[in-house]
Amino acid sequence: MDIEDLIFPKAAFVAPPPFDDASPGDCYLQSTEGVTFKVLRHVLIQSSRYFERLFEDLPPSSADGLPKLHMEEDTLTLHALLVILYPVLGDITKADIERTLKLVEIQHKYNIPDTAMMFFISNIIGINPGGSGFSWKDKSSLVTCMEST
């Protein structure tokens, strides 16, 4: 951390709707930096078998509050992942090359459907990756395409 970060700290990330505390949800997913995202389990289970397995042994919500799962992803990656899997229109055009490559990397881990990834990438680069002559799974091809947009 440099002196500028100490004097002018960057604003902390706050989970936006539909992942904020005011939104409906039955559990929290927490990033490696401690930011929590309130989610509906059934939405994620419908989108990814990873979450189906993850939520199998999770206790139901109780009077003490909602269960919280600690995820292995940083805040921005977890948010982008949720935007891909949730049926919402998030501003995914703000995803940079690094974040997009990270999502391509973790696609298999979270069982993100190819169609969801293609939709995500096509919104960022402005072309359909399936019909544009390059493989969106090829990192160097994806970087080249993103840098040209």
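At distances below 3.5 Å, at least one donor-acceptor pair connects side-chain atoms of Tyr86 with backbone N or O atoms of Leu40. The backbone N or O of Ile112 sits less than 3.5 Å from a side-chain atom of Gln107, completing a donor-acceptor pair. One N or O on the side chain of Asn111 and one on the backbone of Tyr50 form a donor-acceptor pair closer than 3.5 Å. For the pair Arg41 (side chain) and Asp26 (backbone), a donor-acceptor distance under 3.5 Å is present.
Using bins of under 30°, 30° to 60° and over 60° for the plane-to-plane angle, the ring pair Phe51/Tyr110 lands in the parallel bin. Phe37 and His79 have parallel rings, their planes meeting at less than 30° on a 0 to 90° scale where 60° marks the start of perpendicular.
The NZ atom of Lys102 lies 6.5 Å from the CG atom of Asp74; values are rounded to the nearest 0.5 Å. Note that the CG atom of Leu29 and the NZ atom of Lys68 stand 11.0 Å from one another [nearest 0.5 Å]. Considering OG1 of Thr77 and CD of Glu72, their distance stands at 12.5 Å, rounded to 0.5 Å. To the nearest 0.5 Å, the span separating OG1 on Thr36 from CG on Leu69 amounts to 12.0 Å. Put simply, OG on Ser31 and CG on Leu81 are 12.0 Å apart, with the number rounded to the nearest 0.5 Å.
In terms of heavy atoms, Leu85 sits closest to Val43 at O-CG1, 4.4 Å. Shown here for Pro17 and Ser23, the closest heavy-atom pair between the two residues is CA-OG, 4.0 Å. The two residues Pro59 and Pro67 have their closest heavy-atom pair at O-CG, 3.4 Å.
Counting only heavy atoms from C-beta outward, the side chains of Leu44 and Leu82 approach each other to under 4.5 Å.
Leu58 and Ile45 fall within a single hydrophobic cluster, where Ile, Leu, Val, Met, Phe, Trp and Tyr are joined by side-chain heavy atoms under 4.5 Å apart, directly or via other members. Residues Phe13 and Tyr28 do not share a hydrophobic cluster, defined by chaining ILVMFWY side chains whose heavy atoms lie under 4.5 Å apart. Cluster annotation: Leu66 is not connected to Met71 through the hydrophobic network of ILVMFWY side chains, with a link wherever side-chain heavy atoms come within less than 4.5 Å.
Between Glu52 and Arg49 there is a salt bridge, since a side-chain N of the basic residue sits under 4.0 Å from a carboxylate O of the acidic one.
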